[in-house]
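Step one of this worksheet: look at the structure below.
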Amino acid sequence: MYEAFAMSLPKVYHRFSLLSLHSTTSPFLPKTLFLSSSLPLAIKRLHSPPLLRAQSRRFVAGKQFKAKSTMASSRFHHLVPVNALTAEDVGNGTGSKGADDATASVAYDDDVESASVTGYRLPPFEIRDIVDAPPLPALSFSPLRDKILFLKRRSLPPLSDLARPEEKLAGIRIDGKCNTRSRMSFYTGIAIHQLMEDGSLGPEKEIQGLPEGAKINFVTWSNNGQHLAFSVRLDEDDGSSSKLRVWVANVDTGKARPLFESPDVYVNAVFDNFVWVNDSTLLVCTIPLSRGDPPRKPLVPSGPKIQSNEQRNVIQARTYQDLLKDEHDEDLFEYYATTQLVLASLDGEMKPFGPPAIYTSMDPSPDQTYILTSSTHKPFSFVVPCGRFPKKVELWKANGEFVRELCDLPLAEDIPIAFNSVRKGMRSINWRADKPSTLYWVETQDGGDAKVDVSPRDIVYTQSPAPHDNEQPKILHKLDLRYGGISWCDDTLALVYESWYKTRKVRTWVISPGSEDLNPRILFDRSSEDVYSDPGSPMSRRTPAGTYVIAKVKKEDDGDTYILLNGSGATPEGNIPFLDLFDINTGSKERIWQSDKENYFETVVALMSDQKEGELSINELKILTSKESKTENTQYYLLSWPEKRACYDSSRDGPLPCLVWSYPGEFKSKEAASQVRGSPNEFAGIGPTSPLLWLARRFAVLSGPTIPIIGEGDEEANDRYIEQLVASAEAAVEEVIRRGVADPNKIAVGGHSYGAFMTANLLAHAPHLFCCGIARSGAYNRTLTPFGFQNEERTLWEATSTYVEMSPFMSANKIKKPILLIHGEEDNNPGTLTMQSDRFFNALKGHGALCRLVILPYESHGYGARESIMHTLWETDRWLQKHCVYSSDVSACKDNAEGTVDSQSKAVGAAGDPLNSATVPPFAESRELLASSLSVDQLCPITTGAPANFTPSIIAPEDSSTFTSFS
């Protein structure tokens, strides 16, 4: 997934100019950049007032440790598409208190009866008000940087949105009524502000002409910035949404209208949607007009379901979900995914483009002459998702004339599970960003198998779109590691990236694409885990064609050419972002900007002086930066050279109940694990399921401490997972106790996904540390993911003892502390089937453990509906109040209270015996690793239409009776 994202980055820049961030509400999807539209806005020079000052609830900031919170605040390091958000990105609510508060109140001293009440519950108003706070709009700059869009959003969706029928096909989920991916969120309105010459913002201009209740998606600018294209759908009488139609809006007038005159032309958004071919024409994925009703499942199957491997091929695959199951599923997938491409001009003309097919992407060349299309076709597979189905890549002229087929790759069921293994044949086929229409791609030389030792491992090729007879592709570069992408500049400069997961090695090569006489050379050769040595990434500038290339900068006093390196600036004191002027030839650099490390955390967001072609003068440089502190939300500034100048304008209550919320990380060295990531000056953004919500309930929250699992040399990290997990947790607990933050008898642990797996293991193997646990959407039995999980690439049969010893399911008899399990009923994340929580709960209650299982209807791996999120918060708060704040069982935590944690005597191995001191990392060493990278966020507290029959499934033998069942 990450490789694909990196490969598509140039296309993302070309197609979208929306600024976004990582989500705090979903582990997978990008979060929109929140900016307030209710305040007067002004952009000045650096010494002027902030560009955008987002209104937010102010939180009291306590003393912070040195590392970055996993719930870090709003900022964006990449430009990525926020125009196709899903429902799990956002939320909704009223924010009212009143009568609802009575529903949420719980008698925490004895609330078993209250907990057995059916229906959705609400958390205390302190938490509810934060979650229900209305979201701020998303932000998008125009291609010419002269206008800004404000995309208005709703907040948490109701459960009825998630309850809509969906088809689970080939690894994706489809809303058949809309013919889109299911649970897709939307914008509710679009407003435009002019960015004036003096840096101020003009008055708001609302896009007019939209139907009432319009749900807006896929907002894109035309290359000249004069028009917007977006999709619109409406609610229907039965509560469902209509199919999507393409609308366009004139940016100057603000008037919007449908692109197609016919009301029967709808967007097929299962894969791609639409793209600007030029400033007046779009290529649109439409539902074929001849398509009838969905195929019906036959009452009697045509035959048995047969899968065969009579050729004895070695086919290993991870635990994928929502795969095709039979011929009817194949028919449904083909029905919903088949697209008719249509060329549509703004003046109303339209014509079909190519035959109907399952098109997965469309990419116009920079000069708008050609269009590169990707499609998939039969034979489909019952064991891998659609991304591995046969893939055909074709080249067309922009007028719809077919040019040639580049490749037709077969079904890829046999990609090895070893990391860095890839598909055979041409991959990562793209247009050079610095040329009108030149193709490049990469081909593996190891058969796609990372275990094969060969040199070179990957070769990068380039070719014209219409080569002459017998003209062969040119070799651009050969790589011994796995290809990781290219940053283009011109014929004299491009940067090629390669990496290898096993060693964490990453390399950056300097090549001259237009000269065969100049040999490539290594610019950077480092470890991906060594954040202190990260030199930064080259900043890109926009070309007139709408692509992005490396920005070249020149000084007035010399003739040398430089590039800009934008870095996070990791140091032992935390992140101190920087901007360096870097000489690509000599390697010398000059720091021209750096964040104020004392009071604020600042980052470089985007280059804003790229309207002109050619090299940029350092004295005309203009960049957009963000700025925040522990108590101030993110604000935005324009910095202009040469007159840039910096202008910047805890108590404790004693030990508190503490919630430790984390997600283990794997490293190849102790040095990498101990490096500090993040900044102590970052604003702690709080999402609707964030553990930081319990700051409002007078908890100390240790959010995202580094829990390093280290595998140095030939050792695999997971071979000593339990030992290292316990030692790291002990170090974290001792540190918060030493600092006077946490009451040693009232420390709870929790996590989501792999963090839930961690939580269950800690309750099994380190019961002396925690009074209770909360585990959300986890996988607890690794034998159910036999072909690898997380960063484990060995199979169950290659590392049987590791799989068994790591599985908390196998240690269910050791868990004596209260544990709350929460899981989405429709979890589609590989490995974390809902069955994992079901079976773990049965194992726990079979041994009399105090446990509770909550299954959330319609929810996936991340939770989206307001009812579900509020109920999750209520369950979590009740669990923490009952088993942490007001728990009478302090015997198991007495070692913490005595002020000492002995890893050698308290850490318990998989067999139940004390771990041998020779195999346990010395506690002092673990403490040193943890203390240097520990993150404590806001440690002092704040003073501050689903059907009625759908309720969470709750199973709770909380009287600790022994239940035994067979399954």
Side-chain angles (χ1 to χ4, degrees), residues 19-22 33-35 43-54 56 61 63-79 530-540 551 553 562-582 589-609 618 621-649 675-685 704 932-933 935 937-938:
L19 306 176
S20 79
L21 326 125
H22 299 295
L33 170 63
F34 298 146
L35 296 169
I43 298 182
K44 302 293 184 182
R45 300 293 188 244
L46 178 61
H47 58 277
S48 303
L51 162 63
L52 297 167
R53 184 180 299 272
S56 66
K63 187 185 298 180
Q64 285 195 326
F65 294 171
K66 291 184 178 179
K68 175 181 177 182
S69 164
T70 54
M71 309 305 299
S73 61
S74 312
R75 90 192 100 278
F76 40 99
H77 299 145
H78 306 287
L79 300 179
D530 184 8
V531 293
Y532 291 174
S533 70
D534 188 351
S537 302
M539 294 203 72
S540 298
V553 179
Y562 304 84
I563 65 173
L564 296 168
L565 292 182
N566 179 16
S568 59
T571 73
E573 290 74 39
N575 282 8
I576 307 174
F578 62 83
L579 189 64
D580 281 350
L581 204 59
F582 184 79
K589 58 186 177 182
E590 174 189 349
R591 189 140 298 177
I592 61 174
W593 176 88
Q594 181 170 290
S595 171
D596 169 25
K597 66 179 181 180
E598 299 300 329
N599 303 307
Y600 291 94
F601 177 72
E602 302 167 287
T603 60
V604 174
V605 175
L607 186 64
M608 300 293 286
S609 53
I618 185 65
L621 189 63
K622 185 185 297 183
I623 61 174
L624 181 70
T625 66
S626 68
K627 171 182 167 184
E628 64 193 81
S629 72
K630 289 179 283 189
T631 57
E632 296 179 45
N633 207 339
T634 307
Q635 304 162 20
Y636 300 89
Y637 297 83
L638 273 180
L639 275 67
S640 297
W641 271 253
E643 70 272 14
K644 64 178 181 68
R645 65 176 186 267
C647 180
Y648 303 107
D649 45 50
Q675 291 185 356
V676 175
R677 293 160 173 82
S679 167
N681 293 320
E682 294 177 75
F683 182 83
S932 65
S933 59
S935 170
D937 289 300
Q938 308 291 55

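Bear in mind that the values here come from a model prediction, so they are computed numbers and not experimental data. Values reported hereafter were calculated over all heavy atoms of this structure, with side chains retained and with hydrogens, waters and symmetry mates removed. This chain uses plain numbering: 1 for the first residue, then up along the sequence.
- The line from CZ of F601 to OG of S595 is 6.5 Å long, rounded to the nearest 0.5 Å.
- How far OG of S540 is from CG of N566: 10.5 Å, rounded to the nearest 0.5 Å.
- S537 has its side chain out of reach of L565: every pair of non-hydrogen atoms, C-beta onward, lies at least 4.5 Å apart.
- Among all heavy-atom pairs drawn from S626 and V605, the shortest one is N-CG2, 3.7 Å.
- In terms of heavy-atom proximity, W641 sits nearest to I618 at CB-O, 3.1 Å.
- At least one side-chain heavy atom of L564 sits less than 4.5 Å from a side-chain heavy atom of L581.
- Under the 4.5 Å side-chain criterion, counting only non-hydrogen atoms from C-beta, M539 is not in contact with V553.
- In this structure, CD in E590 is found 10.5 Å from CG in L579, a value given to the nearest 0.5 Å.
- To the nearest 0.5 Å, atoms OG1 (T603) and CG (L624) are separated by 8.5 Å.
- Listed for the N575 side chain is no donor-acceptor partner under 3.5 Å among the backbone atoms of P577.
- The two residues I623 and M608 come nearest to each other via the heavy atoms C-CG, 4.1 Å.
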Would you please test L607 and L621 for side-chain contact (heavy atoms from CB on, under 4.5 Å) and show each step? CA-CA 8 Å; L607 186 64; L621 189 63; 3.5 Å; yes

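- Here the straight-line distance linking atom CD of Q594 with atom CZ of F578 works out to 8.5 Å at 0.5 Å rounding.
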